[in-house]
Q: 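Quick one: structure below, then a few questions.
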Amino acid sequence: MPRTKEKESYRARLKAVGLRHTLPRERILSFLDRKNVHPTPEELYQGLKKRGYDIGLSTVYLNLHVLREHGLIYEFKDPKGYTRYDGYNEPHVHLVCLSCGKVEDLLLKNLPELEVSPAMQAAAERTGWALEGFRLEFRGKCPNCQR
């Protein structure tokens, strides 16, 4: 169960986008708000059940949809076509293994060579788009699959 400070953070995040606080939303955000966690809906459901939470699979799906629509989590497809979710808020890129499907986070602060702001500014100037953010993914083989 999230601590009081974390609970208030989830409440504030939900309120900021016009959503009311519910226990399923808080628990889903808490589960996803960790580095290197990119579950499918079924994996998320099983993880919440293992934590002792009484939650239905349909509730997980419904809330994932709502949280994604309001920009609190990110949905993406892995190389095998599975829909996965990411709620980690630190600026990061994904390292995706094309063999096993593993997805790992690489924090941007650990990759100073990647200057995102100038690239976004150049893209905005060339296209006329009002860019608000980006998602970057590096694809290859993880150390385990290189053996």
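For reference, positions follow the sequence shown, starting with 1.
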Q: Could you tell me if the side chain of Arg20 sits less than 4.5 Å from the side chain of Leu14, heavy atoms only?
A: no
Q: Are any non-hydrogen side-chain atoms of Phe138 and Leu111 less than 4.5 angstrom apart?
A: yes
Q: With heavy-atom distances below 4.5 Å as the criterion, would you say the side chains of Asp105 and Val93 are in contact?
A: no
Q: Measure from the side-chain N and O atoms of Asn63 to the backbone N and O of Thr59, and report whether any donor-acceptor pair falls under 3.5 Å.
A: yes
Q: Are the side chain of Ser30 and the backbone N or O of Glu26 linked by a donor-acceptor pair below 3.5 Å?
A: no
Q: Please determine if Arg84 and Glu43 form a salt bridge, counting it only when a charged side-chain N lies under 4.0 Å from a carboxylate O.
A: yes
Q: Report yes or no: do Leu62 and Leu64 belong to one cluster of Ile/Leu/Val/Met/Phe/Trp/Tyr joined by side chain heavy-atom distances under 4.5 Å?
A: no
Q: Hey, are the side chains of Leu72 and Arg13 touching, using non-hydrogen atoms and a 4.5 Å cut-off?
A: yes
Q: Can you tell if the side chain of Lys77 reaches within under 4.5 Å of the side chain of Thr83, non-hydrogen atoms only?
A: yes
Q: What's the spacing between Tyr85 OH and Glu75 CD if we round to 0.5 Å?
A: 3.5 Å
Q: Heavy-atom count check: over 12 atoms from other residues, nucleotides or ligands less than 6.0 Å from Asp54 CG?
A: no
Q: So, Asp78 and Arg139, do they make that salt bridge, N to O below 4.0 Å?
A: no
Q: Measuring from Lys35:NZ to Asn89:CG, what's the distance to the nearest 0.5 Å?
A: 14.5 Å
Q: Look at the side chain of His70 and the backbone N and O of Val66, then say whether any donor-acceptor pair between them is shorter than 3.5 Å.
A: yes
Q: Does some side-chain heavy atom of Leu32 sit less than 4.5 Å from a side-chain heavy atom of Asp86?
A: no
Q: Is there a chain of hydrophobic side chains (I, L, V, M, F, W, Y, each step under 4.5 Å between heavy atoms) that links Leu136 to Val96?
A: no
Q: Return the CE to CD distance between Met120 and Glu132, rounded to the nearest 0.5 Å.
A: 8.5 Å
Q: Under the side-chain contact (heavy atoms from CB on, under 4.5 Å) test, which residues partner Arg34, sequence neighbours left out?
A: Phe31, Val37, Arg51
Q: Tell me which pairs pass ring-ring contact (aromatic ring centres under 6.0 Å, His included) where either residue lies in residues 91-113, with sequence neighbours left out.
A: His38-His94, Phe76-His94, Tyr88-His92, His92-His94
Q: For residues Tyr74 and Arg68, determine if any side-chain heavy atom of one lies less than 4.5 Å from a side-chain heavy atom of the other.
A: no
Q: For the CD atom on Gln146, are there more than 12 heavy atoms of other groups (residues, nucleotides or ligands in this structure) within a distance under 6.0 Å?
A: yes
Q: Quick one: does Cys142's side chain get under 4.5 Å of Cys100's, heavy atoms only?
A: yes
Q: Are more than 12 heavy atoms from other residues, nucleotides or ligands located less than 6.0 Å from atom NZ of Lys15?
A: no
Q: Near Lys141 NZ, under 6.0 Å, is it more than 12 heavy atoms from other residues, nucleotides or ligands?
A: no
